[in-house]
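Written below as structure tokens is the structure these notes are about.
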Amino acid sequence: MSDQSGSSGTSGAVFGRAGEIAVLTARAAAARAGHSGIVVLTGPPGIGRSSLLAAFLEGDGDGNPGGPRGLTALRGTCAEDASTVPYEGVRALLRPLGLVGEGAPGHPLLRGTARRALPALMPGTDRPPFALDADYPVLQGLYSLTAHLAARHPLVLALDDAHLCDAYTLRWLDFLLRRADGLPLLLVLTRSTGASVADSTPWARFAAHPSCTTVPLGPLSPAAVGELARDAFGCPVEPAFAARLADVSGGNPGTAVRLVAELRDAGVRPDLDGARHAGELGGRLVAGSVRSLLGRRPRWVEAVATAMAVLGDAPGDHVAALADVSAAQAEDAVRILRQAEVLAPGRTDFASDRIRAAVLEPLDAPALTRLRARAAQLLSDAGRPSEEVAGHLVAIPGTPRPWMTSLLTDAATAAEERGAPADAARYLRRVLDATPDDHALRLRLAGLLVPADPDAARDLLRDALDRAPDLRTRAAAALRYTTACLAAGQSPPPGRAPTRVLAELRSATGAPGLRERALALEAALRLTGCTERTGAPAPPAENRTPAPRPASPEADAEAVSALAAALYDTARDTAKDHARRAVGAPGPRASWPVLTSCTVLALADESVEALTALNEAVTGAGETTGGWAEALALSARGLVLHGTGAIPEATADARAALTAAGPSSSRLVLPRLVLAAALCDSGEAARAEDLLAGTDPQPPAGPVVEQHLHLMVRARVRRALGDREGALRLLLACGRAQREAGLANPVFAPWWAEACHLLATLRRPQEAHVHAEYGGELARRWGTAHALGTAALARGVITPGRAGLELLGEAVEALAASPARTAHARAGFALGRRLLTEGERAKARSHLRSAADLAHTCGALPLATDARRLLLSAGGRMPELTGAREDLLTGAERRVVGLVVNGASNREVAQSLCVTLRTVETHLTSAYRKLGVQRRAALAATLRAPAARARAWGG
């Protein structure tokens with residue numbers, strides 16, 4: 001089946017095929033130089049194989065750079081019935097030379113060995129099936145004739161629709177190609193993908209030949225379709241019209257040409273309104289073409305096509321059984337449909353959903369339902385996987401029957417095991433239609449929906465709260481409902497059904513397991529901001545023992561316990577244990593329990609562990625659910641990355657989260673807070689303030705985490721903009737809110753540390769001591785390097801003299817052992833500034849340079865700039881910081897990088913690196929003498945290995 005109109009507009013131009021034309025041109029040039037070869041153009045019908053071949057053959061090398069200048073071109077096209085006629089392809093190629101028919105015997109080219117080709121050139125000659133011994137003289141004669149033609153002038157043999165070619169011609173082309181070394185000859189064949197061929201052996205040999213180039217023709221891009229439409233309409237084309245045309249036609253140029261012609265004849269213009277008409281017309285064209293095809297065939301062909309449309313890519317015996325035809329009839333029908341090129345290559349499935357819809361269009365709803373039910377029973381009886389059967393069951397309206405619910409439940413379990421919660425939820429929804437009183441099923445379904453659609457999950461859980469027959473079920477529903485609200489960044493609406501459930505649990509604590517549920521639900525409600533304020537005036541006393549939080553098999557309960565232990569109890573080990581159990585629990589990686597537990601691990605300085613799990617969550621969400629789940633995973637990772645000082649990476653994640661959320665992004669508070677904090681750190685406080693203007697976690701009745709982060713970020717932005725008093729008011733408000741809520745974690749929204757820094761800047765250190773003592777007690781109880789370093793830094797900036805220097809040095813050392821790199825840079829800056837104030841310029845330079853380097857690496861440009869400014873005033877040197885990380889390189893390091901960029905040899909690079917290392921060693925010699933013996937040995941060992949490797953590399 002030819003596709004002569006494949007990629008042509010009305011002027012015959014070829015669009016979007018510059019790369020393919022270039023390949024043909026290069027192979028033609030090689031053929032002129034005596035390097036024979038073969039090019040096979042492949043693609044589905046209408047993709048433009050014939051048009052591309054014509055454009056190549058008709059080009060002159062000047063006006064059309066793809067033309068085979070300097071070659072003689074012989075082109076033939078195989079007809080529909082060519083496969084049954086011996087040497088019909090040969091005759092199609094040689095007919096333009098007059099070598100076919102009655103005049104062939106006397107043709108001057110048929111002399112000597114070439115006369116053996118006569119049997120192939122005479123039409124109507126009956127021949128037995130191809131046999132090499134019997135046909136060898138004919139093949140030799142055709143080879144001699146072709147070699148003679150190529151010797152006279154470089155030759156192109158182009159056979160269009162070669163998938164319809166007879167086996168004799170294919171054998172001859174294979175015979176010719178294997179003997180064509182040194183001949184100025186190029187074979188060009190076009191072949192429809194997925195079409196059956198008369199003889200597959202030559203095609204396999206073509207593909208294996210060293211000089212074979214296969215050029216698959218893919219769909220046209222919207223830009224190419226737009227050029228095609230512009231050529232047809234003779235005027236500019238709206239990009240939306242071109243995009244719609246490309247979508248409707250599937251990028252198939254033949255279909256696009258027909259669409260454009262009909263749209264133009266109907267008076268449609270290539271504008272936005274025309275895009276709508278293109279979509280409507282495209283569907284009608286596909287449906288009409290398919291219905292016309294089936295109308296010309298026996299009824300059993302339509303039955304097989306309908307069965308295939310229902311089953312998809314299924315074995316032939318399944319198709320035959322559903323169509324109620326014999327296996328032979330099913331095979332014939334598949335062959336007919338494949339020849340009509342409506343099937344996907346190599347599959348018993350249609351090439352597009354539009355074709356499938358056109359096949360099913362005549363069926364009314366009851367008939368289609370009966371067919372789908374039969375298909376499900378057939379596949380179930382055949383032992384097909386439960387998910388394959390469930391794909392048909394979910395499309396059947398009405399209440400599923402018992403045998404259907406069993407299969408749907410099995411399919412949901414299989415989907416969960418392979419990490420596809422959306423598919424599992426789709427199956428369980430149908431099961432719930434049949435068993436609306438199954439409260440355990442409702443909870444299971446809601447748990448699957450929370451990551452991707454927390455609103456739908458809350459609706460289900462509200463029903464569970466209303467319908468649950470016992471307290472235990474209501475407690476499970478209340479906890480999951482509350483965590484679904486947390487995942488959505490919202491608080492439970494008025495009515496507070498979970499609060500009533502908590503009251504019931506407290507009055508029934510004697511029942512086994514209810515105490516644990518009460519603790520988890522109480523913590524969850526506190527995290528949503530729904531419970532009454534505690535009014536706690538101070539952090540937990542040293543002798544206070546936090547209420548135990550037992551292990552739970554439910555990930556939601558574990559995550560709630562982890563967060564509560566971290567934020568309220570300052571019980572670090574307990575929080576980590578709960579968090580790790582929640583992360584390790586089965587279920588989606590991008591779920592609220594996993595993401596929340598990762599933030600808890602990050603608060604406990606286990607950032608590497610947290611980021612490992614978050615990376616899996618982001619990847620899993622992008623591959624399976626996407627949307628809201630991906631946005632939550634990116635938000636959590638951005639928060640942890642920001643805490644580690646990876647400011648550019650946190651910025652990217654926050655922006656990606658807002659993009660992934662799509663229309664729901666206005667409800668997302670956390671990524672906006674992360675983005676605002678990152679913008680503030682990178683010197684864009686004004687943009688951060690604009691972002692925060694539209695961000696409101698609805699205090700005081702919003703989720704606790706977002707309430708306090710919102711106050712902290714606003715305070716930091718106000719300070720960066722120069723409003724110190726406004727920033728201090730926000731920080732103190734955050735402190736009051738944390739005390740009232742009972743929050744006691746020193747590194748979550750550390751308002752007290754920020755207040756100490758701000759009061760030190762305002763020269764009011766006496767007001768800061770109470771905050772430093774408060775935070776110091778929290779830090780001691782939490783016990784991480786980050787917490788202890790933050791406390792030491794807060795005390796150091798408000799403590800004068802040698803005591804303050806010791807505290808700042810303690811802060812630098814503690815924060816160096818933590819993941820908080822920006823905080824480490826901040827401590828180094830504070831120590832360097834104090835040393836400079838005390839007149840110790842040499843020591844100050846060391847810390848200021850380290851602080852500038854680290855802050856710049858983190859992306860905290862204002863901090864890096866301030867550190868560099870003080871470094872210069874202390875007599876140090878550092879290049880101007882522009883925001884690029886290469887600013888950190890010294891002159892010697894820049895020379896090494898320059899050698900690498902400019903392509904220097906490994907030896908040259910290594911020699912330069914050795915010079916740099918020797919310089920470093922020289923400068924460190926005096927520093928070694930000032931270090932303790934153990935520290936000196938450790939530092940020397942650290943430097944020795946890379947230095948030795950570089951010297952060995954450089955020789």
Side-chain angles (χ1 to χ4, degrees), residues 303-327 330 348-350 353 356-357 359-360 362-449 452-453 456-457 459-461 463-464 467-469 473 476 586-588 624:
V304 170
T306 303
M308 292 169 63
V310 171
L311 289 172
D313 189 20
D317 55 341
H318 294 355
V319 172
L322 185 60
D324 199 18
V325 300
S326 67
T348 57
D349 195 8
F350 291 104
D353 289 336
R356 178 179 292 102
V359 172
L360 295 175
L363 296 177
D364 58 18
L368 184 57
T369 297
R370 289 193 297 271
L371 200 58
R372 290 193 183 281
R374 282 187 56 209
Q377 286 181 318
L378 172 69
L379 294 174
S380 177
D381 292 343
R384 301 298 299 170
S386 58
E387 284 198 73
E388 188 176 335
V389 181
H392 297 281
L393 296 178
V394 294
I396 298 175
T399 303
R401 283 174 275 175
W403 70 270
M404 296 180 179
T405 59
S406 176
L407 280 167
L408 287 166
T409 303
D410 291 344
T413 302
E416 284 186 87
E417 290 175 350
R418 67 178 173 87
D423 288 341
R426 191 160 53 94
Y427 304 142
L428 289 183
R429 276 191 182 278
R430 300 292 289 122
V431 179
L432 191 61
D433 291 340
T435 56
D437 294 329
D438 189 338
H439 305 293
L441 175 63
R442 194 178 299 274
L443 292 178
R444 179 183 175 190
L445 174 57
L448 292 169
L449 288 173
D453 192 354
D459 291 342
L460 281 169
L461 291 165
D463 289 344
R467 299 186 184 193
T473 305
T624 55

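Along the sequence shown, residues are numbered consecutively beginning with 1. What you see is a predicted model, and the numbers here were worked out from it, not measured in a lab. These numbers come from the heavy atoms of this one structure, side chains and all, not from hydrogens, waters or symmetry mates.
The side-chain heavy atoms of Val319 and Pro315, taken from C-beta on, include no pair separated by under 4.5 Å. A 4.5 Å side-chain heavy-atom check between Leu407 and Ser380 finds at least one atom pair inside the cut-off. Two residues are said to be in side-chain contact when any heavy atoms from C-beta on lie closer than 4.5 Å; Pro400 and Asp433 meet this criterion. Between Trp403 and Leu393 the shortest side-chain heavy-atom distance falls below 4.5 Å.
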field: Verdict with supporting geometry, Leu428 and Leu408, side chain to side chain contact (heavy atoms under 4.5 Å, CB included)
entry: CA-CA 7 Å; Leu428 289 183; Leu408 287 166; over 6 Å; no
message: Between His392 and Leu311, is the side chain to side chain contact (heavy atoms under 4.5 Å, CB included) condition met? List the steps.
response: CA-CA 8 Å; His392 297 281; Leu311 289 172; 4.3 Å; yes
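Atom OG1 of Thr435 is separated from atom CG of Leu441 by 5.0 Å, given to the nearest 0.5 angstrom. Interatomic distance, CG of Leu461 versus CG of Leu443, reported as 6.5 Å (0.5 Å rounding). To the nearest 0.5 Å, atoms CG (Leu322) and CE (Met308) are separated by 11.5 Å.
For Ala424 against Ala415, the heavy-atom pair with the smallest separation is N-CB, 3.7 Å. The two residues Pro397 and Thr369 have their closest heavy-atom pair at CD-OG1, 3.5 Å. Heavy-atom minimum distance, Ala411 versus Ala390: CB-CB, 3.5 Å. Counting all heavy atoms, side chain and backbone alike, Ala321 lies closest to Leu378 at CB-CD1, 3.8 Å. The two residues Ala425 and Leu445 come nearest to each other via the heavy atoms O-CD1, 3.5 Å.
Arg442 contributes a side-chain N or O that, together with a main-chain N or O of Pro436, makes up a donor-acceptor pair within less than 3.5 Å. In this structure, Thr405 contributes its side chain and Pro402 its backbone to a donor-acceptor pair below 3.5 Å. A donor-acceptor contact shorter than 3.5 Å links the side chain of Arg430 to the backbone of Ile396.
For the side chain to side chain contact (heavy atoms under 4.5 Å, CB included) with Arg444, the lone residue among Thr409, Leu460, Asp438 that qualifies is Thr409.
Looking at residues two or more places apart in sequence or on another chain, you find a side chain to side chain donor-acceptor pair (under 3.5 Å) between Ser326 and Gln329.
For the salt bridge (charged side-chain N to carboxylate O under 4.0 Å, His left out) condition, the pairs that include at least one residue of residues 387-398, sequence neighbours left out, are Arg384-Glu388, Glu387-Arg418. Residue pairs satisfying the salt bridge (charged side-chain N to carboxylate O under 4.0 Å, His left out) criterion with at least one member in residues 364-378, sequence neighbours excluded, are absent.
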